[in-house]
Amino acid sequence: MKENMDMFIRKKIQQEQIKVPDSYFKKVNLTLQNLPEKTTKYHLKYVAAVAISSCLLISGTVYAAVNYIEQRMLSIDENEKKKMADYTRNSVKDIDTYSRELTEDEKERMEMLLYDYQVYGKFPENGLEIVDDEKMITADTLAFITEDSMFVLPERALTDEELLQIIDFYYKRDYSLMTSKEDLSCEVFSVDDAVEENAVEQMKTMLHVIYQIETDSLETSLETDINGVCRIEAGDSGQVSYRALYDLDSGRIVEIECISSVDVISEKIKPDNENFAKVGEELAETINRLDSNVIIREIYCDYNVTEDEILTRGTVNYIYRLEDGGCYVVKYNIAADEVTDLFIVPYQEYQQTIDNNATKQAERGIQRIRISINVK
């Protein structure tokens, strides 16, 4: 690979977002910044919360995705989280080190497995062996020594399972650090009543425009964190709830999402460009109702198909490129005939994310199709 593996992984990680509950919206940065090219290389053990906030939601936006990683992080036992956070903070080493460099084959497989971990929820069957000192390591076993912050790699080639264990370890460790109760108490703060009222009213207005629902009976809650992003949840006693992100700097909702407790089971869906275009035009009208000042420059519909030309996941993405360089992205479930997520992001940033994933999708027999829709 032309690109250093550590930099590749860092870029891939920055394209994903874990939605942490209880309003702890932080990008979980794996800090796989420098997987060793030589045994003398190392990488930072973890990134402080203030640094992480700089790579969180560049425009306040969360990329909606299947919440495989979120579910896995939520399954971590509190004792395990505390243990990981404690030994990381208490380590005398400020860096991680490795007993040997990864081979080119290991790097390439790590790249593939990282994608599978993030996109398809491919996790290791067992956790990484974590020990206090080197004497506790079983021969020919991958392990992490807490005392030295060192990964001890067997001289043989690492298996896919072991590479997944490394990836999984970084996610769990950083998640544990960033969500430990010791840290949360000083990182979550409240906003004044006027800001909260404005945020909630914006969300209700958007819900009414997008989903044509009455919002008076919705119960809402709002929390915020040090990144200047508020999380709002709304719902009633039904099977559908809604989430939104409100960016304090811009004073606007930057993402809104519909969550249903009922899975939509659909038959295999064939792409229908004519229908996709019709829906895209209708959604353009919705966006204009949400923001009458917005100028839509171009409209695209992106969708993925399998080798037998079946729509993957039964969803399509609509991209509304704006005059100011931003774009609305609307995720639409064809089977349910509804918007599942809408967010705002710089167009070039979104396009880069899509392009970066294209090669991996092609290797799995998935093709991305883009059609242009007329702007009225």
Side-chain angles (χ1 to χ4, degrees), residues 1 3-16 18 28-47 68-73 75-77 80-81 83-85 87-88 91 93 95-177 360 363-364:
M1 291 186 299
E3 186 173 23
N4 194 338
M5 183 61 187
D6 58 319
M7 294 305 296
F8 173 84
I9 291 180
R10 185 182 181 192
K11 290 177 182 179
K12 291 288 291 181
I13 294 303
Q14 290 176 350
Q15 293 160 13
E16 299 295 330
I18 296 177
V28 177
N29 187 329
L30 296 192
T31 66
L32 291 170
Q33 294 181 1
N34 288 302
L35 282 177
E37 296 291 341
K38 298 180 180 178
T39 56
T40 56
K41 284 197 174 183
Y42 54 82
H43 65 81
L44 295 177
K45 182 166 58 179
Y46 62 94
V47 180
Y68 295 120
I69 300 177
E70 176 185 8
Q71 294 168 9
R72 184 164 182 81
M73 296 303 106
S75 70
I76 303 175
D77 180 83
E80 181 184 356
K81 283 174 56 178
K83 185 177 180 180
M84 294 188 81
Y87 70 62
T88 304
S91 173
K93 303 287 186 178
I95 58 174
D96 289 332
T97 55
Y98 299 81
S99 61
R100 68 164 174 84
E101 63 181 305
L102 293 179
T103 66
E104 288 302 315
D105 174 70
E106 287 170 333
K107 294 172 188 175
E108 291 175 3
R109 285 189 290 122
M110 174 77 86
E111 173 188 331
M112 299 282 290
L113 290 167
L114 177 63
Y115 182 86
D116 289 342
Y117 185 98
Q118 295 172 327
V119 177
Y120 298 108
K122 183 174 182 177
F123 303 126
E125 295 182 5
N126 301 296
L128 177 68
E129 182 175 335
I130 301 172
V131 299
D132 293 333
D133 60 66
E134 191 168 2
K135 296 178 182 179
M136 302 171 65
I137 298 177
T138 305
D140 198 42
T141 300
L142 169 69
F144 179 79
I145 306 174
T146 61
E147 186 178 84
D148 301 320
S149 289
M150 174 183 284
F151 290 91
V152 177
L153 282 57
E155 290 304 315
R156 59 170 172 77
L158 295 175
T159 65
D160 285 359
E161 165 72 10
E162 289 169 330
L163 292 171
L164 281 171
Q165 287 176 8
I166 294 174
I167 295 170
D168 194 51
F169 171 82
Y170 276 107
Y171 262 108
K172 286 184 175 180
R173 187 177 66 175
D174 284 355
Y175 177 86
S176 297
L177 280 168
K360 299 306 171 190
E363 291 174 355
R364 291 161 175 77

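Numbers for residues simply follow the sequence, beginning at 1.
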J.: Which heavy-atom pair separates Pro154 from Glu162 by the least distance, and what is that distance?
T.: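 Taking Pro154 first and Glu162 second, the nearest heavy atoms are CG-OE2, 4.5 Å.
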J.: For Asp160, give me all partners under salt bridge (charged side-chain N to carboxylate O under 4.0 Å, His left out), at least two apart in sequence or on another chain.
T.: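 Scan of Asp160 (salt bridge (charged side-chain N to carboxylate O under 4.0 Å, His left out), adjacent residues dropped) gives Arg109.
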J.: Do you know the tightest heavy-atom contact between Ser176 and Ala85?
T.: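 Shortest heavy-atom separation between Ser176 and Ala85 comes out as O-CB, 4.0 Å.
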J.: Which heavy-atom pair separates Glu161 from Asn126 by the least distance, and what is that distance?
T.: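 Nearest pair, atom of Glu161 first, then Asn126: OE2-N, 3.0 Å.
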J.: Got a second to check how far Tyr170's OH is from Leu128's CG, nearest 0.5 Å?
T.: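 Tyr170 OH to Leu128 CG: 9.5 Å, rounded to 0.5 Å.
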J.: State the CD-CD1 distance between Gln165 and Ile130, to the nearest 0.5 angstrom.
T.: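 These two atoms lie 10.0 Å from each other.
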J.: For a 4.5 angstrom cut-off between non-hydrogen side-chain atoms, does Leu153 reach Leu142?
T.: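 Yes; the side chains approach each other to less than 4.5 Å.
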J.: So is Arg72 actually on top of Phe123's ring, under 6.0 Å and inside 45° of the axis?
T.: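 Positive - Arg72 is close enough to the ring of Phe123 and near enough to its axis.
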J.: Which heavy atom in Glu106 sits nearest to a heavy atom in Arg156, and how many Å separate them?
T.: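 In terms of heavy atoms, the two residues are closest at OE2-O, 4.0 Å.
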J.: Please determine whether a side-chain nitrogen of the Lys or Arg among Lys83 and Glu80 lies less than 4.0 Å from a carboxylate oxygen of the Asp or Glu.
T.: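 Looking at Glu80 together with Lys83, the answer is no, because their closest N to O distance does not fall below 4.0 Å.
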J.: Under the salt bridge (charged side-chain N to carboxylate O under 4.0 Å, His left out) test, which residues partner Glu129, sequence neighbours left out?
T.: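 Residues passing salt bridge (charged side-chain N to carboxylate O under 4.0 Å, His left out) with Glu129: none at all.
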J.: Roughly how far apart are Leu163 CG and Asp116 CG, rounded to 0.5 Å?
T.: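 Between Leu163 CG and Asp116 CG, I get 12.0 Å after rounding to 0.5 Å.
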J.: Parallel, tilted or perpendicular, judged at 30° and 60°: which one describes the rings of Phe151 and Phe169?
T.: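 Phe151 vs Phe169 ring planes: perpendicular.
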J.: What distance do Glu108 atom CD and Leu102 atom CG have between them, rounded to the nearest 0.5 Å?
T.: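 Reported to 0.5 Å precision, the distance equals 11.5 Å.
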J.: Any heavy-atom pair between the side chains of Ile166 and Leu158 that's under 4.5 Å?
T.: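 Of all side-chain heavy-atom pairs linking Ile166 with Leu158, at least one is under 4.5 Å.
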J.: Do you know the tightest heavy-atom contact between Pro124 and Tyr117?
T.: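 Closest pair (atom of Pro124, atom of Tyr117, distance): CD-CE1, 4.4 Å.
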J.: How many angstroms lie between CE in Met150 and OH in Tyr98, if you round to the nearest 0.5 Å?
T.: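 If we round to the nearest 0.5 Å, Met150:CE and Tyr98:OH are 11.0 Å apart.
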J.: In Å and rounded to the nearest 0.5 Å, what is the CG to OG distance from Asp148 to Ser99?
T.: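 One gets 11.5 Å once the value is rounded to the nearest 0.5 Å.
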